[in-house]
Amino acid sequence: MSITQTSPSRASVGSNHRWLILAVLAIAQLMVVLDATIVNIALPEAQQALGFSDGQRQWVITAYSLAFGSLLLIGGRINDLFGRKNSFIVGLIGFAAASALGGWSPTFEVLVTARALQGVFGALLAPAALSLLAVTFAGSEDRGKAFGIFGAVAGAGGAIGLLLGGVLTEYVSWNWCLYVNVIFAIIAMVGAIMLLPKHIKDGARTPIDWAGTILVTAGLFLIVYGFANSETNGWTDAVTVLPLVIGIVLLAAFLWVQTQVSHPLLPLHILLDRMRGASYLVMLIAAIGMFAVFLFLTFYLQQTLGFSPVETGLAFLPMVGSIAITAAIAGSVLVTRLSPKVMVAAGLTVSALGMVFLTTIETDSSYVTGVVPGLIMIGIGLGTVFANAMSLSTYGVQASDAGVASATVNTAQQVGGSIGVALLSSFAATAGANYVSDHGPAGPDGIQAIVDGAAMAGYHAAFWWAAGFFALGALVAGVVYPNKIPEIDPDAEPVIGH
């Protein structure tokens, strides 16, 4: 990557401390990503301690994803307008405060409020981290390696959250699944204050596109809200259908507004670039399939194989390791030698095959022979995808648009995850109900056999659909990505590129 026609101060951003800066940004990214799963394992104990119902339980998860997913774009634009370093530090402080509030929660209402506030500050923090990474390693031969490491953190963070959540819940308390973020935030904040250079803006500050901000925030909120309701209310219920329809209409209106205003929240050239557009689509589709592994395999390991929370977290280590190793190799070596069309399509194909392997699990399957090979294949595939898609999501954008471009890929991943949880949960529930209907209320082996069979039918359905989404992503990558990474016009305005 290189930065052309830019000031000396920006060209040397992080030149002496790039790897330390990467460590700081990776800690912040890990904190945001693992928070989507670390609370999952703690939910049973939190529910028992605070006394909320099963129907209320989902809002501990949904409050975070609603705020995070709907506010990411405005968070990215705030980064560009008010400074990446400032936004990063404010995001860390706010996220830490919200996490402390959540850990202290004496009631369900306080816990949900804290989770929503985590999402708000996460929406400021996540795009700041990615745009800071893009600017810090601009002009460096190590950019691909850095994005590979960062992509590994983004891909493995959910599994690390399950491991850490299991350890904290089993050996300390569920509250520490939230308190632990304060420790991460303090470490990252000290590093940010010491290492990150000040964001120097060129020219006058541009105004915020308030019309676009309201439309996209409301639209994304309603879409995530509609999908969140689908699992409990069904796909034909008004509380599912109306938010989805209205959300889609608002997003269409948002895209139209972006063509009419002088300073759009999301300049459409960011989306319409073939390289970046493919990366956003790939991240959205990959997130749909990835969450199937975290959600349904967690249930299978705990409820069917009888794993403890800690054992469940440890069970994901083969995937974490394969993501990290593959992302590092893909980011430092292969990304400069092979077309992203080939790399991303191959990665998603391998992940799809890993999901297909997991459809063979049964109630008495061995973890080593029945689960680990699938996890490794999925990890290898996702490591390749994240190393490429994360890096190329900001390719060729002007430095002033790095924040909103970074926010767009985070939005795609977050919305994709929310869609995946809702869709695959619905498909799994339908498959389980059909199994019960086909086999009667009690088969020859008793009610437990029916319960086990329904659960396995649900897992198999979720994994087949996830494999299908990964295969769709491979097709999209093969069609949309260009054959090679295009050169950046040397006469253009300052941009971030290879």
Side-chain angles (χ1 to χ4, degrees), residues 62 64-82 87 116 119-128 130-131 205-230 239-285 287-288 389 393-394 396-398 400-420 422-423 476 480:
T62 305
Y64 179 81
S65 61
L66 278 173
F68 188 44
S70 61
L71 294 173
L72 270 165
L73 283 178
I74 184 59
R77 183 50 76 192
I78 288 173
N79 273 257
D80 294 328
L81 295 178
F82 298 101
S87 298
V120 171
F121 287 103
L124 187 64
L125 186 58
L130 185 56
S131 60
R205 180 177 293 171
T206 56
I208 293 178
D209 169 21
W210 288 112
T213 297
I214 293 170
L215 286 170
V216 74
T217 301
L220 289 173
F221 179 92
L222 288 171
I223 285 176
V224 175
Y225 181 80
F227 276 111
N229 281 320
S230 65
V239 297
T240 300
V241 175
L242 285 179
L244 289 174
V245 172
I246 296 172
I248 291 171
V249 171
L250 291 178
L251 289 185
F254 164 72
L255 293 176
W256 178 79
V257 166
Q258 299 310 281
T259 67
Q260 306 300 309
V261 297
S262 301
H263 302 287
L265 175 68
L266 176 60
L268 292 187
H269 68 81
I270 291 177
L271 289 178
L272 297 177
D273 176 83
R274 188 172 176 182
M275 185 71 71
R276 294 190 297 270
S279 297
Y280 302 144
L281 281 173
V282 161
M283 288 298 291
L284 185 143
I285 296 171
I288 293 175
S393 65
T394 57
V397 299
Q398 297 177 20
S400 59
D401 288 330
V404 74
S406 303
T408 303
V409 71
N410 277 288
T411 301
Q413 185 178 6
Q414 182 64 31
V415 172
S418 299
I419 291 172
L423 277 178
V476 168
V480 181

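Among all heavy-atom pairs drawn from Q258 and L265, the shortest one is OE1-N, 2.8 Å. Residues L222 and L250 come closest through the heavy atom pair CD1-CD1, 3.8 Å. For the residue pair A287 and G416, the shortest heavy atom distance occurs at CB-C, 3.9 Å. In this structure, G75 and P127 approach most closely via the heavy-atom pair C-CG, 4.1 Å. Annotation for L72 and A126: closest pair CD2-CB, 4.3 Å, computed over non-hydrogen atoms. The two residues A278 and V480 make their nearest non-hydrogen contact at CB-CG1, 3.5 Å.
In this structure, the side chains of Y280 and I270 come closer than 4.5 Å at one or more pairs of heavy atoms. Proximity of F227 to V415: side-chain heavy atoms (C-beta onward) are nowhere separated by under 4.5 Å. Two residues are said to be in side-chain contact when any heavy atoms from C-beta on lie closer than 4.5 Å; L271 and L255 meet this criterion.
Here the side chain of R276 pairs a donor or acceptor atom with the backbone of H269 at under 3.5 angstrom.
For I285, the side-chain contact (heavy atoms from CB on, under 4.5 Å) partners at least two apart in sequence or on another chain are F469, L472, V476.
Atom CG of residue L220 and atom CG of residue L215 lie 11.0 Å apart, to the nearest 0.5 angstrom. Atom CG of D273 sits about 12.5 Å away from atom CG of L268, to the nearest 0.5 Å. One distance of note links CD1 of I246 with CG of L251; it measures 12.0 Å at 0.5 Å rounding. Interatomic distance, L66 CG to I223 CD1, rounded to the nearest 0.5 Å: 12.0 Å. Once rounded to the nearest 0.5 Å, the distance linking CZ of F254 with CD1 of I214 reads 12.0 Å. To the nearest 0.5 Å, atom OG1 of residue T408 and atom CG of residue L73 are 5.0 Å apart.
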